[in-house]
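Data block below; observations after.
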Amino acid sequence: MRNVTLNNGVEMPILGFGVYQIPPEQTEQAVSEALAAGYRLLDTAAAYGNEEAVGRAIRNSGIPREELFVTTKLWVQDAPAQENTRRAFETSLTKLGLDYLDLYLMHQPYGDVYGQWRALEDLTRESRAKAIGVANFHADRLVDLIVNNDVVPAVNQIETHPFFQRTADQELMRVHGVQIQSWGGFAEGRNNLFTHPLLSEIAEKHGKSVAQVVLRWLTQRDVVAIPKSVRAKRMAENIDVFDFELTDDQMAAIATLDTGASLFFDHRDPEMVTWLAKRRLDA
């Protein structure tokens, strides 16, 4: 497994296991199988509703805590945001059954992001979270957060896949010392990703699957990826991407697939902003 070094010196695996949209009743088994396959980066969120199941899998794995890299995410908090952010953090930590987080992300760029971020800064100063970051922040929001606060986000987790490659975003993050992380790396199969002629041709040349080519493409770009699966065979396949390398020509060919637009939704769309910002969790 390759690691990336975050802007505060913390090392993070470049390939991990995500649990978005895995039902809580299936999550414990899925995470247990992922850990058995060799994954050490686990990515969940308060909004996913499966933190407790992730925590059970961690406890039952017998893997020393220091060998794992656990991420969860803060949902939009009611005012006072700074106080409620700490409450939400403690709730997530209790559900996971952990003493600290390796990475705590602000899940959405809405609400009192500065109050939320100040609370995250306090958590990292107290070593309750080894690193803090954000998700779904476009370039302007990310730079605004950076220039108006003390701690630069270590990570920005954003939609990144062959059809929405985020190269300009990645370069901006590189300049500011922020690690790009992909969600939706397989585009949830949209645009016929798994049977795409170009990706299939490259996969055949390497004796790999299209999924492995996509993950290799991401990691070769130094993008942290967190593929999801509930099948042990696919988990093992997804982590087996470090024994081949895409050529410059193949990387250039994949670059031509970029549409420059989301395949899901725009975090700047007023209706989506309203829906996400008004959603509240019970925690």
_Mutual orientation of the aromatic rings belonging to Y110 and H267 [parallel < 30°, tilted 30-60°, perpendicular > 60°]_ = parallel

*Step through the shown structure and confirm whether more than 12 heavy atoms of other residues, nucleotides or ligands are within 6.0 Å of CG on D248.*
no

*Given salt bridge (charged side-chain N to carboxylate O under 4.0 Å, His left out), test E126 with R86 step by step and report yes or no.*
CA-CA 12 Å; E126 297 165 11; R86 182 172 287 272; 2.8 Å; yes

*Any side-chain donor-acceptor pair under 3.5 Å between Q220 and R216?*
yes

*Measuring from N136:CG to R268:CZ, what's the distance to the nearest 0.5 Å?*
12.0 Å

*Over all heavy atoms of both residues, which pair between S61 and I58 is shortest? Give the atoms and the distance, please.*
OG-O, 2.7 Å

*Check whether the side chains of E159 and S262 place a donor and an acceptor atom closer than 3.5 Å, and report yes or no.*
yes

*Is there a donor-acceptor pair closer than 3.5 Å between any side-chain N or O of R190 and the backbone N or O of L193?*
no

*Would you say T160's side chain and S182's backbone share a donor-acceptor pair under 3.5 angstrom?*
no

*List the atom of A129, the atom of Y104, and the distance in Å for their closest heavy-atom pair.*
CB-CB, 4.2 Å

*T44 and N50 side chains, donor-acceptor separation under 3.5 Å*: yes

_Quick one about N60 and E28 (side-chain donor to acceptor, distance below 3.5 Å, no hydrogens or angles considered), yes or no?_
yes

_Any side-chain to backbone donor/acceptor pair from T256 onto A253? Under 3.5 Å, distance only._
yes

*Say you draw a straight line from NE2 of H196 to CD of E201; how long is it, rounded to the nearest 0.5 Å?*
11.0 Å

*Are K208 and D240 within salt-bridge range, i.e. N to O under 4.0 Å?*
yes

*When you check the side-chain N and O atoms of W183 and D43, is any donor under 3.5 Å from an acceptor?*
no

*Establish, for the pair R280 and W75, whether the NZ or CZ atom is under 6.0 angstrom from the six-membered ring centre and no further than 45 degrees off its axis.*
no

*asked:* Test your reading of the model: is there a side-chain donor-acceptor pair from R279 to the backbone of V76, 3.5 Å cut-off?
replied: no

*Looking only at atom types and distance, does a side-chain atom of Q82 sit under 3.5 Å from a main-chain N or O of W117, one as donor and one as acceptor?*
no

*Return each pair, listed once, that meets ring-ring contact (aromatic ring centres under 6.0 Å, His included) where at least one residue sits in residues 20-54; pairs must be two or more places apart or across chains.*
F17-Y39, Y20-Y48, Y48-H107

*So, Q212 side chain and S209 main chain: donor-acceptor pair closer than 3.5 Å or not?*
yes

_If the test is side-chain contact (heavy atoms from CB on, under 4.5 Å), which one of H138, M272, E271 qualifies with D266?_
H138

_Using side-chain heavy atoms (C-beta onward) and a distance below 4.5 Å, is R65 in contact with V70?_
yes

*Just wondering, do L74 and Q108 contact through their side chains at under 4.5 Å, heavy atoms?*
no

*Counting distance only, does the side-chain N/O of Q165 pair as donor-acceptor with the main-chain N or O of P162 below 3.5 Å?*
yes

*Flag the pair L35 / R40 as yes when at least one side-chain heavy-atom distance between them is below 4.5 Å, and no otherwise.*
yes

*Looking at residues at least two apart in the chain, or sitting in another chain, which of them share a side-chain hydrogen bond (donor to acceptor under 3.5 Å, both in side chains) with Q116?*
none

*With no hydrogens and no angle check, is any side-chain donor or acceptor of E121 less than 3.5 Å from a backbone partner on V151?*
yes

